[in-house]
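Treat the numbers as computed from the prediction; the structure is a model and nothing was measured. In the text below, chain A, chain B and the rest are named by the order of the sequence lines, each starting its count at 1.
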There are 2 protein chains.
Amino acid sequence: MAVTIKDVSAKCGLSISTVSKAFNNYSDISAETRELVHRTAREIGYYPNAIARTLKTNRSYNLGVLYSDDGQNGLTHSFFAQVLDAFKSECEKHGYDLTFINHNVGWTGMTYLEHCRYRNVDGVCLVCADFYSTEVAELATSDIPCVTIDHAFNNRSCVMSDNLQGVQQLVRHAVSNGHRKIAFVHGQRSSVTENRITGYYRALNEAGIDPRADYLVDALYDSPTAGYTAMNQLMKLADPPTCVLMPDDHSALGALEAAGDLHLRVPEDVSIAGYDGNRLGQMLHPRLTTVKQDTKRMGVQAALYLIERIENPRTAVSEVGMVPIKLIPGESMGKVKK
Amino acid sequence: MAVTIKDVSAKCGLSISTVSKAFNNYSDISAETRELVHRTAREIGYYPNAIARTLKTNRSYNLGVLYSDDGQNGLTHSFFAQVLDAFKSECEKHGYDLTFINHNVGWTGMTYLEHCRYRNVDGVCLVCADFYSTEVAELATSDIPCVTIDHAFNNRSCVMSDNLQGVQQLVRHAVSNGHRKIAFVHGQRSSVTENRITGYYRALNEAGIDPRADYLVDALYDSPTAGYTAMNQLMKLADPPTCVLMPDDHSALGALEAAGDLHLRVPEDVSIAGYDGNRLGQMLHPRLTTVKQDTKRMGVQAALYLIERIENPRTAVSEVGMVPIKLIPGESMGKVKK
DNA sequence: ACTTTTTCCGAAATCGGTTTAGTGAGAGCG
DNA sequence: CGCTCTCACTAAACCGATTTCGGAAAAAGT
């Protein structure tokens with residue numbers, strides 16, 4: 001069925017070795033022979049089989065992508081989907097394919113690491129995973145080249161969105177609009193969340209505002225309903241905040257809904273901000289004040305780090321790339337009423 | 001580094017063949033031996049290498065996924081992302097991994113089909129692709145098992161969302177609310193679009209309404225700006241429609257925006273419907289009337305068709321699965337003013 | 001003319017498995 | 001006891017490439 005190197009060698013009247021060498025640009029092949037080989041290969045539609053090549057060279061030109069199985073937020077989550085999309089394009093540009101890594105391939109209970117070895121991936125990108133699980137840590141700290149998104153492992157490359165700056169700028173923006181009672185609703189425990197909380201405290205401190213425990217609310221990412229609940233809770237405080245920062249744009253939608261149900265106008269009665277800069281937030285009225293993460297740059301950067309590691313294992317160093325964010329002011333954040 | 005079959009055979013004092021057979025449940029291996037092999041394999045952490053196995057058996061347990069490179073709507077598009085997510089889960093359940101197929105791996109200008117052969121995928125799922133391109137057609141009609149989403153190729157399995165019913169039900173819903181002037185804004189040419197237009201005409205016919213050419217507007221999928229433009233155009237007609245069906249929820253957002261800018265209230269002055277049933281549509285006020293596609297079922301069904309084809313090539317027949325949709329009424333569609 | 005070097009190519013081992021064909025030991029049988 | 005049959009296992013070919021090592025022929029040097 002498929003055309004193999006043998007067909008080329010037969011058609012050229014050359015040995016298999018010679019054909020292989022011609023394809024891999026060995027120096028001990030004459031220009032004419034090389035040309036002949038390439039020509040006939042094109043004629044009969046030959047291209048080396050990746051499987052056979054991988055077996056011998058131990059280089060698959062295939063990268064693993066860890067995209068949390070469990071968790072409801074898989075491919076559906078727009079932030080991760082965008083990062084992955086950019087990562088994918090950049091990898092393809094360099095000749096690498098992408099295969100999903102998971103830990104329940106059929107019957108066998110392979111770990112992530114085992115799955116990577118099983119498929120001989122050259123490297124792996126942890127896009128969206130439970131970074132606190134031992135299995136993920138095992139993979140990240142293995143000898144397989146690895147890059148992570150938004151969570152740093154010791155001595156491994158990582159691309160981070162500047163979450164600290166993101167929240168800090170949001171708070172500054174709020175303060176510049178006269179807000180002093182600023183609440184922060186955050187998502188699940190993660191390094192992203194930690195950085196954002198730090199940014200929150202830092203900006204409050206900078207503005208000389210004392211943080212209040214009841215203004216820091218534990219909620220979920222990407223959950224309008226959790227956002228609704230959190231907003232409700234905040235607004236029912238004896239001394240409610242005048243500005244609420246939500247974990248993301250979807251959650252902010254829930255908050256807007258809650259405000260509506262409480263007959264609070266946004267931004268006249270209360271200001272709300274999201275995070276992510278989804279298109280939808282810009283279609284709302286009021287337009288959502290939010291922070292745009294540079295997902296494209298994150299994905300591309302991750303690909304470059306990983307490929308560098310793979311292709312220059314000796315000289316490549318692990319890097320932590322901090323990708324800047326951009327504050328997007330919208331009408332959902334208003335000046336505070338006197 | 002990696003532990004191979006040799007290590008197991010050495011540790012057991014058995015030949016390589018025996019170990020392999022024990023793993024593949026050959027009948028000419030005694031129960032004790034089989035047990036011994038599995039036990040030691042577990043001890044030293046052995047699992048057969050997929051690459052080596054593939055080379056010999058020509059079965060990779062790897063499926064290709066075609067997810068349009070070009071087109072801006074890649075992984076980002078929520079409908080496709082959801083289908084892919086379900087497809088992925090189901091495949092993993094059956095022991096298959098997923099690799100993205102594209103046509104610009106590095107320098108080489110491989111076609112989709114060549115890429116599939118290059119990676120030895122057992123089958124391929126065309127999720128989101130330009131079905132009218134010759135390259136895609138070449139792949140779909142090749143000897144590689146194939147399943148498509150929302151576009152049927154002769155004698156190939158396919159999973160379709162019932163788009164005809166979807167639009168038909170929307171129109172019926174509009175009619176039942178007293179609308180007679182119903183416009184349909186549709187996305188790019190595709191089999192999905194064709195079916196929807198047919199559903200539109202059919203429902204109009206059913207209600208005894210004469211279709212009007214100026215009520216059928218050519219726009220784009222997933223484009224709020226195109227939606228905005230289309231809505232604007234419709235509302236400026238001498239005799240504007242009272243109800244507008246948009247290509248999808250995102251486009252509907254654009255239409256809502258346009259209505260707002262024209263100081264038209266929804267649904268009092270004009271009714272608007274979306275398509276897809278995104279979460280966001282349900283968070284809007286007014287809640288968007290829309291059609292929910294069963295993306296999960298589509299993905300799972302596609303996986304089952306494909307795997308059936310792969311594992312029972314002789315008996316499997318090509319099937320076209322029609323997945324039902326669900327109308328989701330919302331406040332964006334109101335009773336027509338007298 | 002003879003040695004040395006360079007150029008170009010091929011034989012064969014190898015990667016880690018699967019599978020076919022065969023083999024030796026013991027059981028069953030007359 | 002000798003024969004055949006099973007049973008349980010192994011040797012070896014093979015999948016499609018890459019790569020090391022070596023060798024023949026041509027070119028260069030003396």
Side-chain angles (χ1 to χ4, degrees), chain A residues 1-38 40-41 44-62 95 108 110 114 116-122, chain B residues 1-38 40-41 44-62 95 108 110 114 116-122:
Chain A
M1 184 69 252
V3 31
T4 77
I5 197 171
K6 250 182 242 165
D7 302 316
V8 180
S9 89
K11 184 123 199 240
C12 292
L14 290 165
S15 76
I16 289 179
S17 337
T18 305
V19 174
S20 172
K21 286 183 181 179
F23 254 89
N24 292 288
N25 283 320
Y26 273 61
S27 59
D28 60 346
I29 298 294
S30 73
E32 307 90 76
T33 306
R34 190 189 316 282
E35 176 51 30
L36 171 67
V37 168
H38 279 107
T40 42
I44 63 180
Y46 167 79
Y47 38 91
N49 180 289
I51 299 294
R53 172 183 286 188
T54 301
L55 182 58
K56 178 63 182 173
T57 62
N58 220 25
R59 287 275 278 116
S60 61
Y61 282 92
N62 200 9
T108 68
M110 270 189 226
E114 285 171 342
C116 285
R117 293 208 199 286
Y118 165 73
R119 285 283 174 201
N120 276 78
V121 297
D122 291 336
Chain B
M1 186 67 252
V3 30
T4 77
I5 198 172
K6 251 182 241 165
D7 302 315
V8 180
S9 89
K11 183 123 200 237
C12 292
L14 291 164
S15 77
I16 290 179
S17 337
T18 305
V19 175
S20 172
K21 285 186 178 178
F23 254 88
N24 292 288
N25 284 320
Y26 273 61
S27 58
D28 60 347
I29 297 293
S30 72
E32 307 90 75
T33 306
R34 192 189 315 281
E35 176 51 33
L36 171 67
V37 169
H38 278 107
T40 40
I44 64 179
Y46 167 80
Y47 37 91
N49 179 291
I51 299 294
R53 172 182 286 189
T54 300
L55 184 57
K56 179 64 182 175
T57 62
N58 220 25
R59 287 276 278 115
S60 61
Y61 282 92
N62 200 9
T108 68
M110 271 189 226
E114 285 171 342
C116 284
R117 294 209 199 285
Y118 165 72
R119 285 284 175 201
N120 277 78
V121 297
D122 291 338

To the nearest Å, how far apart are [X] [atom1] and [N] [atom2]?
| X | N | atom1 | atom2 | value |
| --- | --- | --- | --- | --- |
| Tyr61(A) | dA17(D) | OH | P | 16 Å |
| Glu35(A) | dC8(C) | CD | P | 15 Å |
| Ile29(B) | dC7(D) | CD1 | P | 13 Å |
| Asn49(B) | dG17(C) | CG | P | 5 Å |
| Ile5(B) | dT19(C) | CD1 | C1' | 12 Å |

Checklist line | Side chain Arg53(B), main chain Arg59(B), donor-acceptor under 3.5 Å | finding: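 No; judged by distance alone, with no hydrogens or angles, the pair does not exist.
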
Next item on the list: Tell me whether the centres of the aromatic rings in Tyr61(A) and Tyr118(B) are closer together than 6.0 Å.
Entry: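 No - the distance between ring centres of Tyr61(A) and Tyr118(B) does not fall below the 6.0 Å cut-off.
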
Note to self: If you compare every side-chain N and O of Tyr46(B) against the phosphate oxygens of dG17(C) (OP1, OP2), does one of them come in below 4.0 Å?
What the structure shows: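 Checking dG17(C) against Tyr46(B), a side-chain N or O does come within under 4.0 Å of OP1 or OP2.
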
Notebook entry, point to check: Reckon Ser30(A) has a side-chain N or O less than 4.0 Å from the OP1 or OP2 of dC9(C)?
Noted result: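 The answer is yes; a side-chain N or O of Ser30(A) sits under 4.0 Å from OP1 or OP2.
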
Note to self: Please give me the minimum heavy-atom distance between Val8(B) and Thr40(B), naming the atom from each residue.
What the structure shows: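 What the structure gives for the nearest pair is CG1-OG1, 4.0 Å.
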
What is the nucleic acid contact for [X], judged by heavy atoms within less than 4.0 Å: base, sugar-phosphate only, or nothing?
| X | answer |
| --- | --- |
| Ile16(A) | base |
| Ser20(B) | base |
| Phe23(B) | nothing |
| Asn24(B) | sugar-phosphate |

So which nucleotide from [options] ends up closest to the side chain of [X]?
| X | options | result |
| --- | --- | --- |
| Arg53(B) | dG17(C), dT19(D), dC15(C) | dG17(C) |
| Leu14(A) | dG10(C), dG16(D), dT18(C) | dG10(C) |
| Thr33(A) | dG17(C), dG16(D), dC9(C) | dC9(C) |
| Asp28(A) | dT20(D), dC9(C), dT18(C) | dC9(C) |
| Thr57(B) | dG17(C), dT19(C), dA8(D) | dT19(C) |

Notebook entry, point to check: Mapping Lys21(B) and Pro48(B) onto DNA chain C by nearest heavy atom, which one lands closer to the 5' end?
Noted result: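 Whichever sits nearer the 5' end wins; that is Pro48(B).
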
Item checked: Mutual orientation of the aromatic rings belonging to His38(B) and Phe23(B) [parallel < 30°, tilted 30-60°, perpendicular > 60°] ->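 Correct class here is tilted.
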
Check: In a check of side-chain hydrogen bond (donor to acceptor under 3.5 Å, both in side chains) between Asn120(B) and each of Thr54(B), Thr57(B), Asn58(B), which one passes?
Finding: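 The side-chain hydrogen bond (donor to acceptor under 3.5 Å, both in side chains) with Asn120(B) is passed solely by Asn58(B) among Thr54(B), Thr57(B), Asn58(B).
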
Next item on the list: Please figure out whether Lys56(A) or Ala31(B) has its closest DNA chain D nucleotide nearer the 5' end.
Entry: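 Upstream on the strand: Ala31(B).
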
Notebook entry, point to check: Checking only heavy atoms, does the side chain of Ser17(A) share a donor-acceptor pair with the base of dA12(C) at less than 3.5 Å?
Noted result: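 When only heavy-atom distances are counted, Ser17(A) does reach the base of dA12(C) through a donor-acceptor pair under 3.5 Å.
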
